[in-house]
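Throughout, a chain's letter reflects where its sequence line sits, starting with A, and its residues are numbered from 1.
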There are 2 protein chains.
Amino acid sequence: MSPKVDTHPTKPLSNSQRAFLSLRDMIFAGELAPGSDHLESELAKQLGVSRTPIREAALMLESQGLLELRPRKGVRILPVSPDDMAEIYDVLTELECLAARNAADKGFSEPDLHLLAKAIEDMEVAVDQNNLEEWAEADDRFHHTLVSLGGNSRASAMFDMMNDQVRRARTVTLFIRPLPIKSNEDHRQVYEAIKLGDASTADAVHRAHRQNAKNMMLDLLQKHRLRGV
Amino acid sequence: MSPKVDTHPTKPLSNSQRAFLSLRDMIFAGELAPGSDHLESELAKQLGVSRTPIREAALMLESQGLLELRPRKGVRILPVSPDDMAEIYDVLTELECLAARNAADKGFSEPDLHLLAKAIEDMEVAVDQNNLEEWAEADDRFHHTLVSLGGNSRASAMFDMMNDQVRRARTVTLFIRPLPIKSNEDHRQVYEAIKLGDASTADAVHRAHRQNAKNMMLDLLQKHRLRGV
DNA sequence: GCATGAATTTACGTATGCATTAATAAATGC
DNA sequence: GCATTTATTAATGCATACGTAAATTCATGC
């Protein structure tokens, strides 16, 4: 039996899709800085394609709220102000709490919640090792998994959208924020509530967790004068 | 003084934007039927433009969840299944309740809530006159105004998105649904709670209102075998 | 008659060209 | 000098062209 080259036969992406992913990653990485303008033709040259796929990618990224098409000024990478941040956290809170309640109501058994438990463990290990990037990755994974468990694809899509909008800011603040000790405790409590099928506790605990995260983020932005990340 | 032709100097829309609006309206009107496929070139011919603005509009509508671009099969107008409907109502509920709480917390005075009151009155008049289209318009306006009062632009945008996805279904069910008597009472209660600054009551009442609306819609879809509106 | 493979059609993805018009620079008047 | 107008530049919005690959039709063999 010949070795499988591709277990999950991935169909080749179009240039538009590649441009979408590339530009998105460049935004996340800050390579395309918040508030900066970029001509379609410049981006096209950078990615080695024509303007067409760049425009299509930009249109999609605009719908995702990551940039803005400004005729004759190029695409503007949208900065996230503290007010934006507050908005986003409020929406994230609702979407995640909805998911937490739904997940609790589904009566998941332990194996169903495996990914959630794994994310929590990974976070704890990461904190012990003082590995913040690892922690951030696992934290992101926890929240993503939680929302997935809620089983509402539209809520998930919107969660991803909002989450992407704060990705850059979270990267920036990761190393100036306090150590996420309390955060890990919260996660475990949410996990337990879901396992017990206790929707209202899951909601309440997670809501408080998110409220804290929001306040912390807003404090950081204010203290460090980060008015548009 | 010459009469103002244009009080709100509206800049001319691009063909892409017009195509976006046209296609969206055609979807709402059922002119582009749920589940149907349409070649880019056909749509282009219909709207009298080239494929480029059609593609751009389609990309935007795809992000809005109204259609799907399927290579070589044309754009597919997405039907809304009962499961989809449940998802959408759940998300709408969260977004509107968030807005209701926020609105209540803002301590609005009566003039601030004028648009909300107007929508309620219009709904009551419409019900008295048995004018369902008028009622539907005012009901939509009430919910939209409520969300606006919440002051979260992202929540508003997502609300609009979800709302658009159920527009067509609501039109279909408008004349087979029970008369919206109880609905109007709910609205008034939400209004009162917001005026009193009572966030948790506003949330609770509106949540129940939305839950009823969801159940009613799902019942209608089931009873009338509307498996993909 | 059915399956298999070849030929054909066709819709899309993308590059390209161009008219339009906003933005910028230059020129003119005061 | 400064404001105002004109000329220039250049980025966009859009039409168009075309190669590619999927879908379909047709032909062939069994």
_Residues R170(B), D140(B): salt bridge by 4.0 Å N-O rule_ = yes
_Separation of dC14(D) P from L47(B) CG (nearest whole Å)_ = 12 Å
*Where along nucleotides 10-15 of chain C does protein come under 4.0 Å, by heavy atom, of base (B) or sugar-phosphate alone (S), with - for untouched nucleotides?*
-BBBBB
*Just wondering, more than 12 heavy atoms not from Q17(A) lying within 6.0 Å of its CD?*
yes
*Could you state the atom-to-atom distance from CD of E42(A) to C1' of dT12(D) in whole Å?*
14 Å
*Rounded to whole angstrom units, what separation is found between the CZ atom of F20(B) and the P atom of dC14(D)?*
14 Å
*For the pair made of CG in D37(A) and P in dA10(D), what is the distance, rounded to whole Å?*
17 Å
*Report the residues that fulfil salt bridge (Lys or Arg N to Asp or Glu O under 4.0 Å) with D90(A), sequence neighbours left out, ordered by chain and then residue number.*
K214(A)
*asked:* Rounded to whole Å, how long is the line connecting atom CZ of R76(A) with atom P of dA11(D)?
replied: 17 Å
*Mind checking what makes ring-ring contact (aromatic ring centres under 6.0 Å, His included) contact with H143(B), not counting sequence neighbours?*
H187(B), H206(B), H209(B)
Residues 114-121 of chain B, side-chain donor-acceptor partners within the protein, below 3.5 Å, at least two apart:
unit_1  : atom_1 : unit_2  : atom_2 : d
K118(B) : NZ     : D122(B) : OD1    : 3.2
K118(B) : NZ     : D122(B) : OD2    : 2.9

_Degree of bending in the helix from dG1(C)-dC30(D) to dC30(C)-dG1(D) once both end axes are built from five pairs, to 10°_ = 10°
*Please give, in whole Å, the distance from dA11(D) P to K45(A) NZ?*
10 Å
*asked:* Using a 3.5 Å distance criterion without hydrogens, assess whether the side chain of T173(A) forms a donor-acceptor pair with backbone atoms of I176(A).
replied: no
*Quick one: do F159(A) and E94(A) satisfy side-chain contact (heavy atoms from CB on, under 4.5 Å)? Show the steps, please.*
CA-CA 10 Å; F159(A) 169 84; E94(A) 296 308 319; over 6 Å; no
Return all side-chain donor-acceptor pairs below 3.5 angstrom for residues 64-75 of chain A, not counting sequence neighbours, or 'none' if the list is empty.
unit_1 : atom_1 : unit_2 : atom_2 : d
R70(A) : NH2    : D37(A) : OD2    : 3.2

